[in-house]
Amino acid sequence: MAAPEFPVRALVFALLICSVAGYPNGKVTMSCGGMTPQHGHSPQSEPVHQITVSQMKFKPGDQIQVTVSGPPFRGFLLEARDAEDLSGPPLGSFTLIDSEVSQLLTCEDVQGFAVSHTSSSKKTEIKVYWNAPSSAPNHIRFLATVVEKYKIYWVKIPSHVISQPNAPPFTTPEATAQPLTTSPSVTHLTKPFSASECGNTKFCVRSPSNCDPENEPSCVFLSFTRDDQSVVVEMSGPSEGYLSFAFSRDRWMGDDDAYLCIREDQTVYIQPSYLTGRSSPVMDSRGTLKDMAWRLADGVIQCSFRRNITLPGVRNRFALNESYYIFLAEGAAHDGRIFRHSQQPLITYEKYDVTGTPKNVGGSHSSPLLKAHGALMFVAWMTTVSIGVLVARFFRSVWSKAFFLGEAAWFQVHRMLMLATSVLTCTAFVLPFVYRGGWSRRAGYHPYLGCTVMILAVLQPLLATFRPSLHDPRRQVFNWTHWSVGTAARIIAVAAMFLGMDLPGLNLPSPQKTYAMMGFVVWHIGTEVLLEIHAYRLSRKVEILDDDRIQILQSLTVAEAEGHVFKKAVLVIYICGNLTFLMIFLSAINQV
């Protein structure tokens with residue numbers, strides 16, 4: 001059973017979308033105040049959508065129809081504000097006209113203060129009713145944020161002002177859409193980053209260890225160089241979507257200071273963000289970053305920026321002169337929108353202070369507990385159980401002499417290997433639960449198959465303790481039950497291993513892992529078929545011997561001797577092949 005998700009889960013950086021458009025179900029309560037999607041892009045300046053109302057005068061208790069319309073859009077957020085204080089809280093409440101396309105939101109702990117979309121389907125018009133409160137101000141203006149797609153949106157589109165009958169004239173200047181903020185300057189890098197100063201002036205995280213981003217496009221590289229009271233960050237790696245890194249106080253995703261380099265067409269956007277639990281990252285202002293630069297070349301994203309070591313008064317940005325785990329991840333992106341990474345992030349083995357002594361460190365995409373889980377399961381269900389089955393099936397006549405406690409040697413070997421399988425399985429079974437702290441809901445069918453294997457692995461030796469004597473009438477029932485339980489356990493174990501290899505917590509290299517597992521299955525089945533054919537030919541050879549009793553006995557002895565030598569040779573070759581497959585998997589696990 002492998003793992004569930006790593007620290008960030010690992011990140012597990014489940015970097016999804018965040019905000020009005022980032023929430024296809026419209027649950028954007030967190031955006032009630034500023035009404036600004038946290039997409040990491042600047043809003044459009046000239047509105048193309050409009051807000052119309054059914055009447056220009058109102059009094060407390062009136063119900064006014066409000067319509068948002070224009071070119072097709074996917075998301076929206078609509079509120080009513082005091083026209084003389086647009087930064088104030090929402091006012092009044094809304095009533096839905098079509099609950100299929102719009103829904104009420106709770107803002108300021110009041111249900112119905114705002115309205116948003118229910119899905120990301122395209123729409124050209126939304127109609128709702130606004131209920132004027134008893135304490136309504138003299139003048140009301142409706143504001144709408146409209147999202148066409150992730151990077152194209154308008155913030156606080158204003159309506160005309162509606163007023164109470166005896167209110168003084170409204171003199172505040174007409175509001176306009178929220179002005180564009182000045183984006184920090186961004187330049188282009190002219191060459192790849194260098195790893196030559198790693199451990200000297202640069203604190204570097206690399207995967208594979210000691211790779212060189214100048215000469216190896218597959219190198220995932222992250223460096224930190226202290227420059228007085230700031231740190232220069234360089235990050236590069238192969239990705240068609242985004243690269244990201246985060247500082248974390250633990251090995252789990254949540255409450256982390258993260259930075260993303262997101263590819264969009266032939267441009268890279270550098271974006272700070274904050275991780276709140278195992279959910280979407282919250283994009284933050286880029287105002288804390290300086291000297292931003294990027295480069296795209298041969299499928300490799302490169303980006304760099306400078307950040308002050310401490311940022312007093314800035315929320316969610318960690319002080320860099322403390323020790324943290326460092327996460328490195330990459331994933332898909334489309335139209336400026338990021339998606340969850342398919343592989344566990346690389347996580348450093350321990351916490352580091354990147355402003356301290358420069359070091360050259362590495363990390364792992366998998367937890368040591370998950371690696372141990374996979375290794376023990378491979379040893380149990382590729383080696384000990386497979387050899388134990390062959391010994392019980394084909395070596396009874398080869399090792400029939402009593403060996404220990406009056407039991408035949410083949411039985412002692414079989415029992416030892418099967419008990420080892422049960423012990424290894426029980427040990428491995430516990431590790432993912434220790435790592436995850438419970439059940440993983442993101443591991444698909446693997447944990448269910450693993451639990452089944454665990455039950456059968458414990459049940460099999462328990463059944464063996466009730467084995468009837470050789471001539472007991474119930475012996476045949478036991479034999480069939482023992483064989484059925486064991487065979488079912490082996491088949492399910494192989495299926496569980498196939499699924500477990502693909503889980504993010506282990507994620508062995510593709511397609512080599514699939515070919516290697518298929519090779520093992522063919523190798524084992526082929527060996528069993530070969531020994532079955534040999535046993536059949538040996539029995540036929542004895543049957544066609546001459547009727548002379550002496551010749552039969554002599555020939556039988558010779559045939560058995562030849563058969564024993566052949567079986568032993570096959571077993572030695574099988575064990576060598578079996579260990580080769582095992583070493584392939586153990587080596588792959590060690591490199592994750």
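In this structure, a donor-acceptor pair under 3.5 Å is absent between the side chains of Ser397 and Trp410. Thr225 and Thr201 share no side-chain donor-acceptor pair at under 3.5 Å.
The side-chain contact (heavy atoms from CB on, under 4.5 Å) test with Val220 singles out one residue from Pro208, Pro238, Cys211, Ser239, and that residue is Pro238.
Rounding to the nearest 0.5 Å gives a distance of 10.5 Å between NE2 of His482 and CG of Leu459. For the atom pair OG of Ser469 and NE2 of His471, the computed distance is 7.5 Å after rounding to the nearest 0.5 Å. Atom NZ of Lys371 and atom CG of Leu376 lie 14.0 Å apart (nearest 0.5 Å). With values rounded to the nearest 0.5 angstrom, Ser236 atom OG is found 10.0 Å from Leu189 atom CG. Rounded to the nearest 0.5 angstrom, Trp294 CH2 and Ile262 CD1 are separated by 13.5 Å. Within the model, atoms CD1 of Ile589 and CE of Met377 stand 11.5 Å from one another, a figure rounded to the nearest 0.5 Å.
The cationic group of Arg249 lies under 6.0 Å from the six-membered ring centre of Phe318 and within 45° of the ring axis, placing it in a cation-pi geometry. By the 6.0 Å and 45° rule, Arg537 does not stack over the aromatic ring of Phe566.
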Take Thr527 and Leu571, measure what side-chain contact (heavy atoms from CB on, under 4.5 Å) needs, and give me the verdict at the end. CA-CA 9 Å; Thr527 301; Leu571 182 62; over 6 Å; no

Run the salt bridge (charged side-chain N to carboxylate O under 4.0 Å, His left out) test on Glu528 and Arg490 for me, step by step, so that the C-alpha distance in whole Å, both residues' side-chain angles and the decisive distance to 0.1 Å come before the verdict. CA-CA 14 Å; Glu528 287 208 35; Arg490 286 196 295 153; 3.5 Å; yes

For Ile301 and Tyr242, run side-chain contact (heavy atoms from CB on, under 4.5 Å): C-alpha distance rounded to whole Å, both residues' side-chain angles, the deciding distance at 0.1 Å, then the answer. CA-CA 8 Å; Ile301 296 177; Tyr242 69 88; 5.6 Å; no

Would you sort out whether Tyr324 and Asp256 count as a side-chain contact (heavy atoms from CB on, under 4.5 Å), showing the intermediate values? CA-CA 10 Å; Tyr324 307 100; Asp256 304 323; over 6 Å; no

Would you please test Val354 and Phe247 for side-chain contact (heavy atoms from CB on, under 4.5 Å) and show each step? CA-CA 10 Å; Val354 297; Phe247 297 108; 4.2 Å; yes

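Using modelled atom types, one side-chain atom of Arg396 and one backbone atom of Ala392 make a donor-acceptor pair closer than 3.5 Å. A donor-acceptor pair is defined here as one N or O able to donate and one able to accept, closer than 3.5 Å; no such pair exists between the side chain of Ser323 and the backbone of Lys351. When atom types are taken as modelled, the side chain of Asp250 and the backbone of Trp252 share a donor-acceptor pair closer than 3.5 angstrom. Checking side-chain atoms of His365 against main-chain N and O of Gln344 turns up a donor-acceptor pair under 3.5 Å. Of the possible donor and acceptor atoms, one in the side chain of Lys202 sits under 3.5 Å from a partner among the backbone N and O of Ser194. A donor-acceptor pair under 3.5 Å is formed between the side chain of Tyr349 and the backbone N or O of Gly363. Judged purely by atom type and a 3.5 angstrom limit, Arg475 uses its side chain to pair as donor or acceptor with the backbone of Pro468. A donor-acceptor pair under 3.5 Å links the side-chain atoms of Lys567 to the main chain of Phe394, judged by distance alone. Although no hydrogens or angles enter the test, the distance criterion places a donor-acceptor pair under 3.5 Å between the side chain of Asn578 and the main chain of Met382. Remark: side-chain polar atoms of Ser223 are not paired, donor with acceptor, to backbone N or O of Cys204 under 3.5 angstrom.
Between Phe203 and Ile326, some side-chain heavy-atom pair lies under the 4.5 Å cut-off. Here the side chains of Met517 and Phe585 are in contact, with some heavy-atom distance below 4.5 Å. Side-chain contact between Val233 and Leu222: present, with at least one pair of heavy atoms (C-beta onward) separated by less than 4.5 Å. Side chains of Pro217 and Asp298 form no contact here, defined as non-hydrogen atoms less than 4.5 Å apart. In this structure the side chain of Leu503 never reaches within 4.5 angstrom of the side chain of Leu370, judged on heavy atoms. Residues Trp399 and Lys568 are in side-chain contact: their nearest non-hydrogen atoms beyond the backbone lie under 4.5 Å apart. Looking at heavy atoms from C-beta onward, Leu243 lies out of side-chain contact with Cys303 at the 4.5 angstrom threshold. The shortest side-chain heavy-atom distance between Ser207 and Leu328 does not fall under the 4.5 Å cut-off.
Considering all non-hydrogen atoms of both residues, Thr384 and Leu417 come closest at O-CB, 3.6 Å. Considering every non-hydrogen atom in both Ala428 and His373, the closest pair reads O-ND1, 2.7 Å. Annotation for Thr348 and Glu350: closest pair OG1-O, 3.0 Å, computed over non-hydrogen atoms. What you find for Thr421 and Ala380 is that their closest heavy atoms are OG1-O, 3.8 Å. For the residue pair Val458 and Cys426, the shortest heavy atom distance occurs at CG2-SG, 3.9 Å. Scanning all heavy atoms of the two residues, the minimum distance from Ala195 to Pro213 falls at CB-CD, 3.8 Å.
Between Tyr574 and His524, the distance from one ring center to the other falls under 6.0 angstrom.
Ring-plane geometry between Phe305 and Phe245 is classed as parallel, the angle between the planes falling under 30 degrees on a 0 to 90 degree scale with a further cut at 60. Trp523 and Phe581 have tilted rings, their planes meeting at an angle from 30° to 60° on a 0 to 90° scale.
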